[in-house]
Amino acid sequence: MQQIHHLINDWYQKNSRDLPWRREGVGGWEVMVSEFMLQQTPVVRVLPVWEQWMRRWPRPQDLAAEPLSEALKAWGRLGYPRRAQRLHAAAVEITTEYNGEVPRTEEALRALPGVGDYTAAAIACFAFGERTVVVDTNIRRVHARLFGGMALPEPSPRASEFARARQVQPEDDGQANLWNVSVMELGALVCTARSPRCDACPVFEQCAWIAAGQPAPHYTPRGQAWKGTDRQVRGAIMAVLREHEHPVPQASFLADLAGQSHATYVALEKLQAESAQRERALAGLLKDGLAVLEDDGVRLPS
DNA sequence: TATCCGTGGCA
DNA sequence: TTGCCAAGGAT
């Protein structure tokens, strides 16, 4: 096991990407913002938004002082705007409860809006050097192959995976800290979901999946439905709201598209969504607090 | 625990 | 072209 630790940690130090939130001197806030943006979103799409975000809101209290609408607009097309909503709420909580300092412990982080097990462990480890067990989709896949001999991890995380993740960590705190990010990076760059680059893998010879003859997945991943879903309609509505300073008449989203403003038409025309679905999607956004209904129309929440 | 929640690049 | 899937969280 110590050999595997050395091989992967050494590989990381020679092959890791130079990402701005990994650089020397970055604080908890920079790491926290990156972790929120990286939830289910590729690095290349996060980079420019993160740079803008940090320039505009270098501290939690800077974001907390702004209305939610500004966070939603700055989030742009990153997707899952509720992440921006929760990041804003977390910034408010950090400002009021922690004097503007991102908490260092996993437990305190975990209590913030939008911070789950992964994000709490990641911020505590990457930003503050705390010893945590980080388990994300990359690490789950590497562990499933390297130690489990399987092509893919189970569709949903099992308790046994967290136990194994703890078990396989280096004893030394510093090495364990490095191990977290190294395994994650290996999963992102080499041990990928589709067509892994096993020829470039530092632990090819130790891999249980290779030893087993690279067996196929024991299940077929269930695709993420998109076409015709409420999510698609919600996204289109949010795109319209981000572009409008003033409330957008509710009828714009519910009535026939003919005669609507250009922006609304462009955003909604390809959906072919029934009026009932558009109404349901809008109701969902209102319920989630991502949009607000007033007398003169729908707008982003302030 | 299964499902919902955006977006866009790529094989 | 279509489906896969990417540093998850909340319910």
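Reminder, nothing fancy here: chain letters follow the sequence lines and each chain counts from 1.
- If you check every strand for non-hydrogen atoms under 4.0 Å, Ile139(A) touches nothing.
- Residue contacts for Pro81(A): at a heavy-atom cut-off of 4.0 Å it reaches the sugar-phosphate backbone alone, with no base atom in range.
- For the 3.5 Å distance criterion, the side chains of Tyr118(A) and Glu35(A) qualify, holding a donor opposite an acceptor.
- The interatomic distance linking Asp288(A) (CG) with dA10(C) (C1') rounds to 10 Å, in whole Å.
- The residue Trp21(A) sits close to a base: some heavy atom pair falls under 4.0 Å.
- Comparing the same atom, P, in dC4(B) and in dA7(C) gives a spacing of 23 Å after rounding to whole Å.
- Atom-to-atom, CG of Asp117(A) to C1' of dG8(C) comes out at 10 Å; the value is rounded to the nearest Å.
- Atoms OH (Tyr80(A)) and C1' (dC5(C)) sit 10 Å apart, rounded to a whole Å.
- dG8(B) and dG9(C) are spaced 23 Å apart, taking the P atom of each and rounding to whole Å.
- Thr137(A) comes within contact range of the sugar-phosphate backbone alone, with a heavy-atom separation under 4.0 Å but no base atom that close.
- Comparing Pro42(A) and Arg82(A) against DNA chain B, the residue whose closest nucleotide sits nearer the 5' end is Arg82(A).
- Relative to the side chain of Arg83(A), the nucleotides dG6(B), dA7(C), dG9(C) differ in distance, and dG6(B) lies closest.
- The shortest distance between side-chain heavy atoms of Val102(A) and Leu109(A) falls below 4.5 Å.
- Atoms CZ (Phe36(A)) and P (dG6(B)) sit 16 Å apart, rounded to a whole Å.
- Residue Arg77(A) places no side-chain atom within donor-acceptor reach of the base of dT7(B), judged by atom type and a 3.5 Å distance cut-off alone.
- Using the six-membered ring where Trp is involved, Trp57(A) and Trp53(A) have ring planes that are perpendicular, over 60° apart on the 30 and 60° scheme.
- Counting non-hydrogen atoms under 4.0 angstrom, Leu19(A) reaches a base of the nucleic acid.
- If you check every strand for non-hydrogen atoms under 4.0 Å, Ala193(A) touches sugar and phosphate atoms only.
- The base of dG6(B) sits with one of its N or O atoms less than 3.5 Å from a complementary donor or acceptor on the side chain of Thr41(A).
- Between the CD atom of Gln40(A) and the P atom of dC4(C) there is a distance of 15 Å, rounded to whole Å.
- Note on ring orientation: taking the six-membered ring where Trp is involved, the planes of Trp50(A) and Trp21(A) are perpendicular (angle over 60°, cut-offs 30° and 60°).
- The side chain of Arg194(A) places no N or O atom within less than 4.0 Å of a non-bridging phosphate oxygen (OP1 or OP2) of dC10(B).
- Taking only side-chain nitrogens and oxygens, Ser156(A) never comes nearer than 4.0 Å to OP1 or OP2 of dT1(B).
- Within the 4.0 angstrom heavy-atom criterion, base atoms lie near Gly79(A).
- A heavy-atom distance below 4.5 Å is not found between the side chains of Leu290(A) and Pro301(A).
- Within the structure, side chain to side chain donor-acceptor pair (under 3.5 Å) contacts touching residues 88-110 of chain A (residues at least two apart or in different chains) are Arg110(A)-Asp117(A).
- At the heavy-atom level, Arg17(A) lies under 4.0 Å from base atoms of the strands shown.
- dG6(B) sits 12 Å from dA6(C) when the C1' atoms are compared, rounded to a whole Å.
- Remark: the Asn180(A) side chain and the Gln169(A) side chain contain an N/O donor-acceptor pair separated by less than 3.5 Å.
- Where Ser34(A) and Val115(A) each meet DNA chain C at their nearest nucleotide, the meeting point lying more 5' is that of Ser34(A).
- In this structure, Arg234(A) atom CZ and dC5(B) atom P are separated by 6 Å, rounded to whole Å.
- Taking atom P on both nucleotides, dT2(C) is separated from dC5(B) by 23 Å, rounded to a whole Å.
- When the nearest nucleotides of DNA chain C are assigned to Gln39(A) and Gln224(A) by heavy-atom distance, the more 5′-ward of the two goes with Gln224(A).
- The interatomic distance linking Tyr118(A) (OH) with dG8(C) (P) rounds to 6 Å, in whole Å.
- Contact annotation: side chain of Arg231(A) to base of dG6(B), donor-acceptor pair present below 3.5 Å.
- Looking at heavy-atom distances under 4.0 Å, Arg140(A) makes no contact with the nucleic acid at all.
- Computed from coordinates, the Asp136(A) CG to dA6(C) P distance equals 10 Å when rounded to whole Å.
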